[in-house]
Amino acid sequence: MIPKPFQRLKTLRNLNVFAVALSLAAIAATVMSRSGNAEAPLQAVVCIGAPTLVSGAMWAMLLRLPRTLSGTRVRVGWVLSIPLAALNAASAAALSTWPDAAPGKVFWWFVAGGTLGIGLWGPALFFTLVFFGLPISWGQNMAKKGLAGEERGELVVGLAALIVSAVALALMVTHGPDSAFEARSAEWLENSRLAKLTLGALSAAGMALGAAAAFVARARESARRAFVAGVSSGALPGYRVDATDEGKVLLRVYSPGGASYRVADFEEALFALDKHGEARREMT
């Protein structure tokens, strides 16, 4: 079994998928709902935030796919970002007619949101690709250099989600529904309070998951360095670090009389290490 600090855990990637989705939902709902002027702030937040949360998670997973367009280096996930952004805008527009609109009106709002709404989802897509697409792409390229590179890439994505969520929270506090100066009914004030709580929850969750992803990335790197240092010093039996012509290699060693007493002396190469003891590639 591969030592835990060297396992490619899905937890880190999943944390960032949800961190990106939450931060996108928070910033989109805060900026685009204009809840300070909306007649139903909570409805505006939900109509924009809900489809953005789903689309954001799908988009964060799509960008991680290594598949490229035939004969090119363009990743499929980047191309699919365009129709996904249009679908997000179309869904938000259709939801805005809920719950009183007839099916025909809902359909036409869906079509208008996905086509004529390019004035909104076009800039939103550009923002998303800059603040999240580039860090995710950089992280994927870093992953080719080994576990440490992958973790550093995920750390950057987590920090990006943390920052965007923090900006959304700041905008909500300063320009949210309660910042409207004109007198409103008690019903509207309650509605705006719920809208503000929803925006705050999205922002806080995005910040929490982004911070958690950054922490896990850093902790895994530190744990792996400590493991290699322990093996090199002889403090961790059952493993050995050997120097070869191609660099250092982490080995698992089976010895008679140990846990694997029925197996003859055997050495299994696990990972190729760089000069700092970081895993470059798996050898099993």
Determine whether [X] and [Y] make a side-chain contact, defined as any pair of heavy atoms from C-beta on separated by less than 4.5 Å.
X	Y	value
S23	F131	no
I27	F127	yes
P135	L159	no
S165	L22	no
T198	V45	yes
N14	T11	no
R64	N16	yes
I82	L125	yes

N/O donor to acceptor pairs below 3.5 angstrom from side-chain atoms of residues 106-121, sequence neighbours left out:
from, atom 1, to, atom 2, distance (Å)
T115, OG1, V111, O, 2.6

Could you give all pairs that pass the salt bridge (Lys or Arg N to Asp or Glu O under 4.0 Å) test and reach residues 113-142, with sequence neighbours left out? none

Salt bridge (Lys or Arg N to Asp or Glu O under 4.0 Å) partners of residues 40-53, not counting sequence neighbours, each pair once: none

Any side-chain to backbone donor/acceptor pair from S192 onto L189? Under 3.5 Å, distance only. yes

Please check if the side chain of S137 supplies one atom and the backbone of L134 the other of a donor-acceptor pair under 3.5 Å. no

Interatomic spacing from [atom1] in [X] to [atom2] in [Y] - rounded to 0.5 Å:
X	Y	atom1	atom2	result
M207	L209	CE	CG	11.5 Å
T30	L202	OG1	CG	7.5 Å
T97	L95	OG1	CG	7.5 Å

For G56 against L24, the heavy-atom pair lying closest together: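 Looks like CA-CD1, 4.1 Å.
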
Grab the two heavy atoms, one from L80 and one from L62, that are nearest each other, plus how far apart they are.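 In this case the closest contact between L80 and L62 is CD1-CD2, 3.9 Å.
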
